[in-house]
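What follows is one structure encoded as structure tokens, with my remarks underneath.
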Amino acid sequence: MSVHLALLFVQLCFGGFHVAAKSTVALMHPLALACLRVALATPLLLGNAAWFDKRLVPPRRYMPHLALIGLLGVTINQLLYLVGVRMTTATNAAILIPSIPAFAVLVALVLRVESVSRARLLGVGLSMAGALLLLRPQQLTVAAQGDTALGNLLVLLNCLSYSGFLVLQRPLHQFLPWRTVIAWAFVFGSM
């Protein structure tokens, strides 16, 4: 039962995130919010990695890869999303975010990081169809010009950046603990 409550809590938080982000960027510049989020998260993630993984600093040979995923998953991801959601609507962001699995499959195919089976493509298609059924994409506000269209594009680019982060971090997990990978992605992303 507690697992189900935790999953429900996470889904409610994730679902409400777009509304909270939209409200927050109306009061605070997106860059300031991104910096605040990273400044708070980075020491917590480093402490968590040091506590559980007992080794805080990964070998030097992994640093360029960690820097790349930090750039994609922390810096670019957050800036594109926060600037995008400031320019578009929370509903539009919620409709566009389910494109992440499709972009992840595309990035994995292009980079040949992993093979993509028909079953995986079917699974991604079904999950996106379910999300779109719930979100009703006919509510997507698209203006041919102006802030809303640019905001929608930035949120989509955010989805592509985050997908790159997801795909490119996977090979690191063969050599480094996941907590260390995430912590160091934030260290580099904060730079």
Side-chain angles (χ1 to χ4, degrees), residues 10 13-18 20-22 24-25 28-88 93-94 96-116 120 124 150-191:
V10 168
C13 289
F14 191 70
F17 180 72
H18 308 297
K22 180 73 177 171
T24 305
V25 295
M28 174 179 217
H29 193 278
L31 181 58
L33 179 57
C35 289
L36 180 63
R37 289 177 71 191
V38 172
L40 292 173
T42 302
L44 293 174
L45 291 167
L46 281 170
N48 188 35
W51 178 267
F52 286 102
D53 299 332
K54 307 296 184 232
R55 182 175 180 175
L56 184 58
V57 181
R60 177 178 247 154
R61 69 181 173 273
Y62 299 115
M63 294 301 184
H65 198 150
L66 290 165
L68 175 61
I69 67 169
L71 178 67
L72 290 172
V74 179
T75 309
I76 295 173
N77 168 45
Q78 287 195 47
L79 290 177
L80 288 174
Y81 177 79
L82 292 170
V83 172
V85 82
R86 185 179 205 181
M87 299 172 80
T88 190
L96 295 171
I97 290 295
S99 66
I100 291 173
F103 279 129
V105 168
L106 180 65
V107 170
L109 277 171
V110 169
L111 297 179
R112 299 176 191 251
V113 171
E114 57 186 66
S115 62
V116 179
R120 181 171 289 176
V124 168
L150 181 56
N152 291 343
L153 176 63
L154 292 175
V155 171
L156 275 175
L157 290 172
N158 147 264
C159 294
L160 179 60
S161 177
Y162 190 70
S163 297
F165 163 75
L166 293 174
V167 170
L168 291 173
Q169 74 168 301
R170 186 159 182 210
L172 285 173
H173 294 300
Q174 296 173 16
F175 309 105
L176 299 172
W178 67 268
R179 288 178 191 90
T180 301
V181 171
I182 298 302
W184 279 87
F186 268 76
V187 167
F188 283 110
S190 67
M191 291 179 195

Shortest non-hydrogen contact between Pro171 and Val113, atoms and distance
CG-CG1, 4.2 Å
Using the side-chain contact (heavy atoms from CB on, under 4.5 Å) rule, pick out the option among Leu82, Leu96, Val83 that qualifies with Val155.
Leu96
Look up atom CG in Leu156 and atom CD1 in Ile97, then write down how far apart they are to the nearest 0.5 Å.
8.5 Å
Find out whether Leu80 and Tyr162 are in side-chain contact, i.e. whether some heavy atom of one side chain is under 4.5 Å from a heavy atom of the other.
no
Examine distances only and state if a side-chain atom of Thr75 and a backbone atom of Gly189 form a donor-acceptor pair shorter than 3.5 Å.
yes
Where is the tightest heavy-atom contact between Ala21 and Tyr81, given as atom of each residue plus distance?
CB-CE2, 3.8 Å
What are the two closest non-hydrogen atoms of Leu45 and Ala183, and how far apart are they?
O-CB, 3.5 Å
Rounded to the nearest 0.5 Å, what separation is found between the CH2 atom of Trp51 and the CG atom of Leu46?
15.5 Å
If you compare all heavy atoms of Met28 against all heavy atoms of Leu36, which two are closest, and at what distance to 0.1 Å?
CE-CD2, 3.9 Å
Minimum side-chain heavy-atom gap Leu154-Leu79 below 4.5 Å:
no
Heavy-atom closest contact (Val167 atom, Ala104 atom, distance)
CG2-O, 3.4 Å
Could you check if a side-chain atom of Gln169 sits within less than 4.5 angstrom of a side-chain atom of Leu166, using non-hydrogen atoms only?
yes
Heavy-atom side-chain contact between Val57 and Trp184 under 4.5 Å:
yes
Any heavy-atom pair between the side chains of Leu106 and Ser163 that's under 4.5 Å?
no
Leu71 CG to Leu66 CG distance, which is reported to the nearest 0.5 Å:
12.5 Å
Going through the checks in order, is the side-chain hydrogen bond (donor to acceptor under 3.5 Å, both in side chains) test met by Asn77 and Ser161?
CA-CA 6 Å; Asn77 168 45; Ser161 177; 5.7 Å; no
Any chance CZ of Arg170 has more than 12 other-residue heavy atoms, nucleotides or ligands included, within less than 6.0 Å?
no
On a heavy-atom basis, the closest approach of Ala93 and His18 is CB-ND1, 3.9 Å
Check: Gly84 main-chain N/O paired with Thr88 side-chain donor or acceptor under 3.5 Å
no
With a 4.5 Å heavy-atom cut-off, do Tyr62 and Leu172 have their side chains touching?
yes
As an exercise, state the distance from CG of Leu40 to CZ of Phe186, rounded to the nearest 0.5 Å.
11.0 Å
Given side chains that start at C-beta, do those of Phe165 and Ile76 come closer than 4.5 Å, heavy atoms only?
no
State whether the side chain of Arg86 and the backbone N or O of Val25 hold a donor-acceptor pair below 3.5 Å, judged by distance alone.
yes
